[in-house]
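Note that the structure is predicted; figures quoted are calculated from it, not measured.
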Amino acid sequence: INNLKKSYLSCNIKVGNHQCRQGVNHMNLLEVPRNKKLLHMFMSEFSAATDLATVLVDINGKELSRYNNFTEFCSIIRSKPEYRHLCQKCDLMGGLESSKRGQTVYYRCHAGLFDFSLPIVIYNQLAGFILSGQTVVTDIEEDTEFINKTQTNWDNYIELQRAYDKVKRVSRPKLDA
């Protein structure tokens with residue numbers, strides 16, 4: 001798990017006898033039932049082993065998978081139209097940054113939670129991202145900046161304040177492990 005989390009996730013997924021060639025929509029490869037099942041299984045097992053939330057998103061930041069181990073806070077905030085697009089924008093920006101660097105990238109979302117992203121590459125084409133985290137890091141490094149600097153007023157909602165108070169707190173070394 002640690003090696004997958006820290007390295008560039010490159011999937012060489014075969015789709016029957018189909019050859020991947022220029023002009024093929026690589027996002028469709030994530031929708032092929034066998035590939036989708038494999039990714040869902042990986043995310044579910046990763047989430048169970050690390051006790052962290054995971055979700056698969058496309059190259060536009062839109063969710064392609066079920067939410068694995070999502071916090072109550074993130075489930076509620078994503079259910080609100082005024083915040084959902086900010087969550088998706090953070091997912092996209094974190095994913096693109098990890099793709100650009102070719103490695104796992106840690107960042108804080110617009111609500112201040114700590115996340116990380118792994119790019120999914122199929123046949124040398126960026127196909128999407130696996131995102132994980134949704135924690136409060138107790139000894140956060142000052143250089144871990146917000147991926148989306150949009151200021152939000154989510155703390156005006158009592159239900160979100162209560163859910164935020166329940167978010168798992170971890171140390172940075174524990175998250176790195």
> Which heavy atom in Val170 sits nearest to a heavy atom in Asp139, and how many Å separate them?
Replying inline: O-OD1, 4.4 Å
> Is it the case that one hydrophobic cluster holds both Leu52 and Val136, taking links as side-chain heavy atoms less than 4.5 Å apart, direct or via other members?
Replying inline: no
> Do you know which two heavy atoms are closest between Thr54 and Phe46, and how far apart they sit?
Replying inline: CG2-CD2, 3.5 Å
>> For the backbone of Gln134 and the side chain of Thr71, can you confirm whether one donor and one acceptor N or O come within less than 3.5 Å of each other?
In response: no
> Can you tell me how far the CD1 atom of Ile77 sits from the CD atom of Glu72, to the nearest 0.5 Å?
Replying inline: 12.5 Å
> Parallel, tilted or perpendicular: which describes the rings of Tyr157 and Tyr83, with under 30° parallel and over 60° perpendicular?
Replying inline: perpendicular
>> If I take atom CD from residue Glu97 and atom NZ from residue Lys100, how far apart are they, to the nearest 0.5 angstrom?
In response: 4.0 Å
>> Quick check for you: to the nearest 0.5 Å, what is the distance between Leu160 atom CG and Ile76 atom CD1?
In response: 5.5 Å
> Which atom pair, heavy atoms only, marks the closest approach of Tyr107 to Gly94?
Replying inline: CE2-CA, 3.6 Å
> Would you call Phe70 and Val55 a side-chain contact if the rule is heavy atoms closer than 4.5 Å?
Replying inline: yes
> Looking only at heavy atoms, what is the nearest atom pair of Ile130 and Phe42, with distance?
Replying inline: CD1-CE2, 3.5 Å
>> How long is the straight-line distance from CG of Leu92 back to CD1 of Ile59, given to the nearest 0.5 Å?
In response: 9.0 Å
> Going through the distances and angles, do Thr152 and Leu86 end up as a side-chain contact (heavy atoms from CB on, under 4.5 Å)?
Replying inline: CA-CA 9 Å; Thr152 61; Leu86 294 173; 3.2 Å; yes
>> Going by salt bridge (Lys or Arg N to Asp or Glu O under 4.0 Å), name the residues that satisfy it together with Asp165, two or more places apart in sequence or in a different chain.
In response: none
> Crowded around Lys80 NZ? As in, over 12 foreign heavy atoms under 6.0 Å?
Replying inline: yes
> Does Gly61 offer a backbone N or O that forms a donor-acceptor pair with the side chain of Asp58 under 3.5 Å?
Replying inline: yes
> Counting distance only, does the side-chain N/O of Arg169 pair as donor-acceptor with the main-chain N or O of Val167 below 3.5 Å?
Replying inline: yes
> Roughly how far, to the nearest 0.5 Å, is CG of Leu131 from OG of Ser65?
Replying inline: 9.0 Å
> Rounded to the nearest 0.5 Å, what separation is found between the CG atom of Asp91 and the CG atom of Leu56?
Replying inline: 10.5 Å
>> Using the rule that Ile, Leu, Val, Met, Phe, Trp and Tyr join whenever any side-chain heavy atoms are under 4.5 Å apart, tell me whether Tyr67 and Tyr164 fall into a single cluster.
In response: no
> Got more than 12 heavy atoms from elsewhere within 6.0 Å of CZ, Arg84?
Replying inline: yes
>> Tell me whether Lys168 contacts the main-chain N or O of Asp51 through its side chain, where contact means a donor paired with an acceptor under 3.5 Å.
In response: yes
>> For a quick test of reading the model, state the closest non-hydrogen atom pair linking Ser117 to Gly95 and the distance between them.
In response: OG-CA, 3.1 Å
> After noting the C-alpha distance and the side-chain angles of Asp115 and Arg108, does the key distance pass the salt bridge (Lys or Arg N to Asp or Glu O under 4.0 Å) rule?
Replying inline: CA-CA 6 Å; Asp115 290 328; Arg108 287 193 282 177; over 6 Å; no
> Step by step, would you call Cys74 with Leu113 a side-chain contact (heavy atoms from CB on, under 4.5 Å)?
Replying inline: CA-CA 9 Å; Cys74 290; Leu113 298 183; 3.6 Å; yes
>> Under 6.0 Å between ring centres: does that hold for Tyr106 and Phe114?
In response: yes
> Do Arg101 and Leu96 pass the side-chain contact (heavy atoms from CB on, under 4.5 Å) test, and can you show the C-alpha distance, the side-chain angles, and the key distance before you say yes or no?
Replying inline: CA-CA 9 Å; Arg101 294 186 194 180; Leu96 291 174; over 6 Å; no
>> side-chain contact (heavy atoms from CB on, under 4.5 Å), that's the test. Do Arg162 and Glu159 meet it? Break it down for me.
In response: CA-CA 5 Å; Arg162 288 183 181 142; Glu159 70 178 327; 5.9 Å; no
>> So which atom in Thr138 and which in Ser171 form the shortest heavy-atom distance, rounded to 0.1 Å?
In response: OG1-CA, 3.6 Å
> Do the side chains of Glu63 and Arg78 get nearer than 4.5 Å, heavy atoms only?
Replying inline: yes
